[in-house]
Amino acid sequence: MHFEVKVEVSPREGIANPEGSTIERALPALGFVTASNVRVGKVIRLRVEADSSDDAKSLVEDMCNRFLSNPVIEDSQVEVLQG
Amino acid sequence: MHFEVKVEVSPREGIANPEGSTIERALPALGFVTASNVRVGKVIRLRVEADSSDDAKSLVEDMCNRFLSNPVIEDSQVEVLQG
Amino acid sequence: MSQRIGVVRFPGTNCEFDTIDAIRALDGEAEVLWHGQSDLKNVDAIVIPGGFAHGDYLRCGAIAKFSPVMDSITSFAEDGGPVLGICNGFQVLTEVGLLPGALQKNAGMKFLCSMQQIEFASTSNVLGQQASVGDRLMIPINHFEGNYVCAPEVLTEMEAENRIVFRYTDNPNGSLADIAGICNQAGNVVGMMPHPERATSRLLGSTDGIGLLRSLLAA
Amino acid sequence: MSPAPEDASVHRALGLSDDEYQRIYELLERHPNHLELAMYSVMWSEHCSYKSSKIHLKRLPTQAPWVLVGPGENAGVIDVGDDIAVAIRIESHNHPSAIEPYQGAATGVGGILRDIFTMGARPIAVMDPLRFGPIDDPRSRWIAEGVISGVSGYGNSVGVPTVGGEIVFDETYKGNPLVNVLAMGVLPTERLVLGQASGVGNLAVLLGASTGRDGIGGVSVLASAGFDESSEDIDKRPSVQVGDPFEEKRLLEACLELLDQGLVSGIQDLGGAGITCATSETASRGGAGMDVDVTAIHARENNMEPFELMTSESQERMLAIIKPEDLAHVEEISARWEIQASVIGRVTGTGQLRILDGFDGDVLASLPASTLHDDAPEYKRPIAPPADLGERRAQDASQGPVDCINNLLSLLRDPAWVYSQYDHQLFLNTVVGPGNDGTLLRLRNPRNGQETGRGIALSTDGNHRWCHVDPRQGTAMVVAEAVMNIACVGAQPLAVVNCLNFGNPEHPEVMWQLAEAVDGMAEACVAFNAPVIGGNVSLYNETNAVDIAPTPVVGVIGMHPSLTTPPPSIGFPPNASLLLLGQVPDTDVSLAGSQWAWEIGGCKDGTLPTFDLQQAVRTSQFVAESVQKQQLLAIHDIAEGGLAVAAAEMAIDSGFGAQIVDHCDHVSMFNESGGRFLAVVGDELLDDFLKDAKRHDVPAIQIGRTGGTSLNFGTEIIIPVSELETAYRTELPEALGLGTVNT
Ligand SMILES: Nc1ncnc2c1ncn2[C@@H]1O[C@H](COP(=O)(O)OP(=O)(O)O)[C@@H](O)[C@H]1O
Ligand SMILES: [Mg+2]
């Protein structure tokens, strides 16, 4: 069975996020509304073959821990969107 | 009022996504399950000040189209998470 | 005496031949080590050079860390073999866990190519054999992801163990504690963002990298 | 007269005129089908066929004994001795960059690199002459920032240093930026390969990225059933191409390895017009034909139509012509570099390019390969100088709010914010990098890395102001400026490449500008003995029917014969004599075409100062030799912003000032008379140097002394170097450093 899976990789709490801070600094200067707590992460969407939604989730979680994210600086969340 | 907003910026359908393709190619070689349709985008979380949830949404949408993404090659989706 | 140096080549690596040229100019021998092969060809030391291994896609070093050659290098390093990661090589070493922490995007969110002054903060490692703490060197940097981060307790530990090898005198990228290079506990594995191979000729503006490479050759 | 096509809207929608349709009919002796029309339409486009400019380009000098390959191939190639050849090419990516600046610039870099390794050369340098709308215009800033990031993102990652370029902001480029990219590579002379297919039975292998619906552009009208109903699908077609530097890097390494092993008899990059162009060009250059199987093309998307596969401009692809018995070896090398390789064609002896649905399947198109380019139309478009040329030339460009100190401060701009984002040191060749005049690279043997003891110098230059005032003299001055830049690093010119960025060729005034510019370039190239070995023409640079100012950009390549010590910097040393070399401005010195007149005085016309081309030749030759003999403490040519800006840049570079006598009125400070340098000579060498200059018939006058903490012009204009430096360093970071908005 095919499953569409979404992985969100986000900078860990407490770790500086240069991309977010740069956006935060730029916003008022560029005439946008001021924002705070800006954090930029990645979202990876993929389709995998698995026997069940739970299987798909654990397959991708493993991939996530070992490959898609770096636990030193990133957290990740896996969501199975549809079968 | 404060609103937590989430923006997802993803490559438009039909537009090449080299990062996704590279990950796709790498996965089986790295011993992971084979995946297809791998697409990598960005997710930006931020907190803005606005009068209403709708306002927050349109403020961030504008920011998105003019600053955070280029609509010519990227789609973006803004979601107000909570007030 | 490490006379033969293995220089790793991943698809996307681009400083491998510069590094080899610099080593040969110091009368060292150099061999290319292809990422897909685990044979280290009996080299005495290893350099993981700069570039964009696997395009730096996903994260710098994320794909490279799975290469057969990296498994062999991990064992080599654990046995005390000298390993130097330059720029992208430093990023790979943190990804495989031979060095702690990670390298994030520069604080200014721009790629930076410039001559930079760094200072030896510790010499008890494979690069410091001919140097003294406080020595200042002019070495070019060339990276987008050179902003070193690690957990506070890791920093405390590295400082206590004298494992900060280089600090920037004028931090260009937001690196924690001005870190430009670190080493492992034994001092045989060093990672640094600046490129010593780019500082080996007067015509090119600096020769301050020669001492570092000599030290590696002698390790 | 042939019968009219069934539906004339088809070829018109594809951008082919009725006359062009007739021509196709005559060549085929029948009506073309849609696929054939699509192929002609892309190949006969202005971009691929040069149909408006060809007739003028013929007037450029292209020959010299050291020229191995001149215009017409993917890149020009010169012999630089020691069995080393150098390939060089410049191209524009203006229109794509206006829509998606990052990808437009990135794919521009990718494209020009393929032109270089197609010739068998390893690319070792990129330069990026860039032009944008005013820096206070938000959209122009957004474009500039994106373009610079794109050059940086792609160039750094693909692993070719960007060693110089230009950055210009002007109203004329608002809405139509100019993104030109030059690349240079080195190869062992015997490895030179040309883009040609020969040997009946040989295979055409498509290497690299899969083919998607990228850049199908105009041809995509064929996708909708009727041409009058607007189809939503068309808008969704990604005409924007996304670059993948990692794919390009692997493709480059694989191709160089294939060439090194002698496995390739012809190779051609895929650029404009994609597979159509690559297959027809290789076949017709080799005097052969080719059968192409569209089903063999590795595609990124399902259900692609043959016309899409044949015209797609997907990036990072190459076509190699190989012998059947070498296929396994080619596949092995491709696999090692993780690139796809598909046999899509076979060389035939018929001269026909046939597109097949499977090698044994239906014939989808069949046309004589050479007709796609050799028979492309050539237009002699009407030419007319502007009607008010006389009036324009009579204007006085020296009027305006004269305030020499503040005028000077406002003309200063440090490009470091741009080039510090580019790896400019990779390959350990960069002796003089960006931030000076010419770029100087060590020339090493591409076979073994051995130093030759010589250097290759490069400079790219353009000047729309000079060329607007007088396209002919302006262009000659642009060539001279590029030569003067490389003279500053001790090099003399060997060859020129050019990118002709002009407006709409259907405007007679634009064709006049183009014709004049070509003549000016030809005169200068003859005078400097530097033939034109390649180039690119970019027309239709206009916004709302207003043409850009004519902007021919040239790249000059030169040789430093004995590179043992770095050339002098541009910075003032303390306590030495400051000399003005070159053409001595005489009575008709004028501010016309100067940066001062455009940006401060507000006058864009007038008559350029007299320019003595032969004097410029003598002066730059003398400077190059003086640099080689290490007689100079500092050297800088005088260009945009005139003597005052040149002196300020020298002061900022070292932190030392200078006291300049006279030259304290705005005309002397800011005029841009061509062919002049500021040189600094030590006291002990001064007499000999002046005699030497005289012997070479080079005017040299001592205009002051260096040292101190301020830059003085006469006794009243005194500017602390620190103030110059602040003005110089802050402009770009303040405008672009925080990010930009798409408006
Ligand atoms: N876009 C750019 N990319 C790289 N280098 C640049 C760029 N713009 C300017 N430079 C570098 O800055 C220096 C000064 O540029 P410019 O003022 O155009 O020089 P010149 O007037 O001598 O032709 C040159 O070395 C040039 O190569
Ligand atoms: Mg100059």
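Sequence lines set the chain letters: A, B, ... in the order given, protein chains first and strands last, and positions in each chain run from 1.
- Residue S149(D) touches chain C through its side chain alone, counting heavy-atom pairs closer than 4.5 Å.
- In terms of heavy-atom pairs under 4.5 angstrom with chain C, the leader among D423(D), D244(D), V160(D) is D423(D).
- Between the side chains of N173(C) and N147(C), no donor N or O sits under 3.5 Å from an acceptor N or O.
- Looking at R336(D), both its backbone and its side chain come within 4.5 Å of chain C, counting heavy atoms on both sides.
- Residue E247(D): no heavy atom, backbone or side chain, is found under 4.5 Å from chain C.
- With a 4.5 angstrom heavy-atom cutoff, H195(C) does not touch chain D via any of its atoms.
- Proximity to chain C (any heavy atom under 4.5 Å) is restricted, for E145(D), to the side chain, taken from C-beta onward.
- The parts of L563(D) that come within reach of chain C are both its backbone and its side chain, each placing non-hydrogen atoms under 4.5 angstrom from that chain.
- Contact tally against chain C (heavy-atom pairs below 4.5 Å) for L428(D), V431(D), T565(D): the top residue is L428(D).
- Ranked by heavy-atom pairs shorter than 4.5 Å toward chain C, the options Q425(D), H424(D), E253(D), R250(D) are led by Q425(D).
- No side-chain donor from either of E145(C) and H143(C) sits under 3.5 Å from a side-chain acceptor of the other.
- Of the listed residues (K249(D), R442(D), Q421(D), E338(D)), the one with the most heavy-atom contacts under 4.5 Å to chain C is Q421(D).
- Judged by distance alone, the side chains of N156(D) and S152(D) do bring a donor and an acceptor atom under 3.5 Å apart.
- Residue contact with chain D, scored on non-hydrogen atoms closer than 4.5 Å, is absent for R24(C).
- Residues Q116(C) and S114(C) have side chains that bring a donor and an acceptor to within less than 3.5 angstrom of each other.
- For chain C, the nearby part of N429(D) is the backbone; its heavy atoms alone come within less than 4.5 Å.
- Under a 4.0 Å N-O distance rule, the pair R444(D)/D82(D) does not qualify as a salt bridge.
- With hydrogens and angles disregarded, no donor-acceptor distance shorter than 3.5 Å links the side chain of N106(C) to the backbone of G108(C).
- In summary, the side chains of D653(D) and Y728(D) do not present any donor paired with an acceptor at a separation below 3.5 Å, with no hydrogens or angles considered.
- There is no contact between F144(C) and chain D, counting heavy-atom distances below 4.5 Å.
- Between M318(D) and L251(D) the shortest heavy-atom distance is CG-CD2, 3.7 Å.
- Here CD1 of I86(C) is found 10.5 Å from CE of M193(C). Values are rounded to the nearest 0.5 Å.
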